[in-house]
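Worksheet: one structure, shown below.
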Amino acid sequence: MTVIDDISDVPTPDASLAPLLEVRDLHVEFHTRDGVAKAVNGVNYSVSAGETLAVLGESGSGKSVSAQAVMGILDMPPARIPKGEIFFQGRDMLKMSGEERRKIRGRKIAMIFQDALSSLNPVLSVGYQLGEMYRVHQGLSRKDAKAKAIELMDRVRIPAARERVGDYPHQFSGGMRQRIMIAMALALEPDLIIADEPTTALDVTVQAQVMELLAELQREYNMGLILITHDLGVVADVADKIAVMYAGRIVEDAPVHDIYAKPAHPYTKGLLQSIPRLDQKGQELYAIKGLPPNLTRIPSGCAFNPRCPMAQDICRTDVPPLHPVGTARGSACHFWKETLGE
Amino acid sequence: MGRYVIRRLLQMVPVFIGTTLLIFVMVYGLGDPVAAMFGDRTPDPATAAQIRHDLHLNDPLWQQYLIYMQHIFKGDFGKASNGQPVTELLGTAFPVTLRLTIMAFVIEAVVGIALGLFAGLRRGRFFDTGVLAMTLLVVSIPTFVTGFVLQYLLGVKWGVVHPSVGEGAPFKDLFIPGLVLAGVSLAYVARLTRTSVAENSRADYLRTAVAKGLPRRRVITNHMLRNSLIPVVTFLGTDIGNLMAGALVTERIFNIHGVGYQIYQGIVHNNPPTVVGFVTVLVIIFLGANLLVDLLYAVLDPRIRYA
């Protein structure tokens with residue numbers, strides 16, 4: 001492999017103060033036979049080193065697509081990024097060459113996927129797949145890479161790493177497989193990790209262990225973490241801030257405790273109410289009416305208006321901007337004050 | 001892994017008995033081998049009876065089969081009607097057909113996989129459409145047509161190659177026959193590889209490989225190709241038998257004195273020991289190739305190895 005041309009050597013304007021990653025006005029669309037599906041429609045968010053941002057939303061809200069755009073692994077075509085900027089360590093990644101972006105992947109930004117069984121190659125041993133990171137990016141020999149792979153498996157607390165390094169993904173339990181995915185992301189000590197629903201495919205007990213491990217490693221390496229999830233329960237303990245997405249837009253953006261205490265958007269409020277709670281045992285579970293919109297035909301005005309209990313005429317005509325709520329919050333609702341006040 | 005091999009070997013036993021019994025009954029149950037031995041002349045009844053007795057032709061068919069099998073396991077395939085031992089015929093014919101089969105197999109595997117891979121990676125583009133159209137054309141034309149046309153054009157009209165294969169069947173003479181023999185299978189391999197590659201290119205683990213920052217070349221060779229080739233290998237293995245059977249037609253066209261030629265002669269001159277002997281060996285080769293495929297399959301896919 002060629003020698004690493006270190007991207008961090010490029011002078012970045014006050015890199016210590018600027019966020020690690022800053023997504024500005026990102027748009028992603030897919031050209032399909034049914035028309036243009038607008039998956040992401042002007043998303044802004046940022047993550048600093050050591051910070052955890054949770055991106056919350058239903059399937060089809062654009063949370064995964066925006067992350068894949070950051071990672072640079074969207075299939076283009078059919079995907080297209082007509083507009084937006086993705087600044088990583090001060091440089092717009094959308095203006096980089098394919099080769100430059102490839103060198104960031106895995107080394108500076110790593111990704112953890114949802115279903116570890118299908119996301120790991122079934123015919124290659126886990127040791128090979130872990131060691132590959134070192135062999136490709138650092139030019140290590142097969143033997144040294146294997147030693148590093150064992151070290152990594154130890155670090156994510158896989159028992160008997162030395163004996164299991166030659167095993168294949170299907171020989172591990174779900175939780176252990178997800179640990180291997182985490183180990184793979186961690187291999188080159190990246191600055192940012194994007195975890196796309198890392199615990200969705202796991203048992204509830206294992207979910208907690210995997211989340212804990214991820215949070216612990218994040219603290220240890222002072223990495224930025226983007227946690228994509230639809231599970232509010234997962235978010236509460238680990239996230240610093242939350243961005244709630246709906247139909248390709250961020251509808252609410254706030255520090256984690258503010259959201260749980262007082263949601264400023266009817267959609268967030270609906271999500272919080274639909275969590276089963278022990279003190280409401282026996283009552284009917286709340287559900288948000290209707291379905292997420294078809295992305296080829298997003299409703300005019302606020303995309304949430306057909307499902308919103310508070311919708312007025314203005315919601316059907318005007319797209320609400322992200323209103324500042326206090327200092328560090330934003331809500332894209334015309335009636336954010338009313339939502340908060342209730 | 002050991003258990004897997006033993007199970008596979010045991011499964012081969014009933015298949016071997018079934019196929020050889022079938023061919024034995026078909027050949028010995030129909031026609032009169034003794035009459036065929038004497039051709040146009042009428043044999044002396046006493047001599048004929050003696051031969052019938054010596055060859056156990058008066059015993060019931062199932063006993064004849066058992067006797068035949070006993071002899072085979074001692075390496076005795078009997079004699080052809082001209083008195084030549086069948087083993088001698090096997091010894092001269094099989095190396096020739098094997099060379100032809102190897103030639104066809106290499107062409108089929110290399111060209112088929114290469115075409116399929118590039119078509120699969122460029123789905124819906126010009127190259128892909130071209131491969132699809134071409135393979136459809138190849139599949140639709142019978143082997144003897146492509147054989148005769150290529151033989152006439154390249155061999156007779158333009159004189160680029162020998163129109164028939166020379167003594168000892170050198171590889172350079174076998175290229176065109178090999179291509180003709182491989183034709184249809186090559187088209188299948190190309191299509192199978194294309195579909196497999198296209199399917200795997202959407203797999204989650206390939207997205208992971210890209211997210212790891214691996215160069216595109218490595219993503220394709222190390223992560224995509226191995227997974228995509230699993231069904232192709234299965235096809236290639238079972239096709240070894242088909243190629244040998246298909247050689248019957250190709251060998252006639254290019255005048256190659258291999259297995260196909262001998263079986264043809266055996267059938268035309270009603271010569272049971274030759275036909276049964278050759279078919280039995282073909283069955284063994286076919287079974288061997290299938291075993292090899294199953295083992296290779298387990299090597300390529302660890303999920304089968306440990307199942």
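Here is the naming used below: chain letters follow the sequence lines, and residue numbers restart at 1 for every chain. Side-chain atoms are counted along with the backbone in the values below, which use heavy atoms only and exclude waters and symmetry mates.
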Name the option with the most non-hydrogen atom pairs under 4.5 Å to chain B; the candidates are [options].
| options | value |
| --- | --- |
| A:Met181, A:Gln68, A:Arg101, A:Arg105 | A:Arg105 |
| A:Met111, A:Gln114, A:Gln129, A:Glu132 | A:Glu132 |
| A:Ser118, A:Gly106, A:Ala110 | A:Ser118 |

Next item on the list: Identify the residues of residues 227-242 of chain B whose heavy atoms come closer than 4.5 Å to a heavy atom of chain A, ordered by number, or report 'none'.
Entry: B:Asn227, B:Ile230

Item checked: Neighbours of chain A found in residues 181-205 of chain B - heavy atoms under 4.5 Å -> B:Asp204, B:Tyr205

Next item on the list: Rounded to the nearest 0.5 Å, what's the gap from CG on A:Asn121 to CG on B:Asn222? Could you check?
Entry: 9.5 Å

Next item on the list: Apply the test side-chain contact (heavy atoms from CB on, under 4.5 Å) to residues A:Met71 and B:Val210: give CA-CA distance (whole Å), side-chain angles for both, the deciding distance (0.1 Å), then the verdict.
Entry: CA-CA 10 Å; A:Met71 199 67 202; B:Val210 175; over 6 Å; no

Item checked: Atom of A:Arg102, atom of B:Leu214 and distance for their closest heavy-atom approach -> CD-O, 3.5 Å

Checklist line | Considering all heavy atoms, the nearest A:Val123-B:Arg226 contact | finding: O-NH2, 3.5 Å

Margin query: Just to verify, what does B:Arg216 make a side chain to side chain donor-acceptor pair (under 3.5 Å) with, not counting sequence neighbours?
Written below: none

Margin query: Tell me whether B:Thr208 contacts the main-chain N or O of A:Ser119 through its side chain, where contact means a donor paired with an acceptor under 3.5 Å.
Written below: yes

Next item on the list: Keeping the roles fixed (side chain from B:Lys212, backbone from A:Met184), state whether a donor-acceptor pair exists under 3.5 Å.
Entry: no

Note to self: Within the supplied structure, the quantity of interest is the number of heavy atoms (other residues, nucleotides, ligands) at a distance under 6.0 Å from A:Arg162 CZ; does it exceed 12?
What the structure shows: no

Using a 3.5 Å cut-off and no angle test, enumerate the donor-acceptor pairs between side-chain atoms of residues 102-112 of chain B and protein atoms at least two apart in sequence or in another chain.
none

Next item on the list: Kindly indicate whether the side chain of A:Pro122, heavy atoms from C-beta on, has any atom under 4.5 Å from the side chain of B:Asp301.
Entry: no

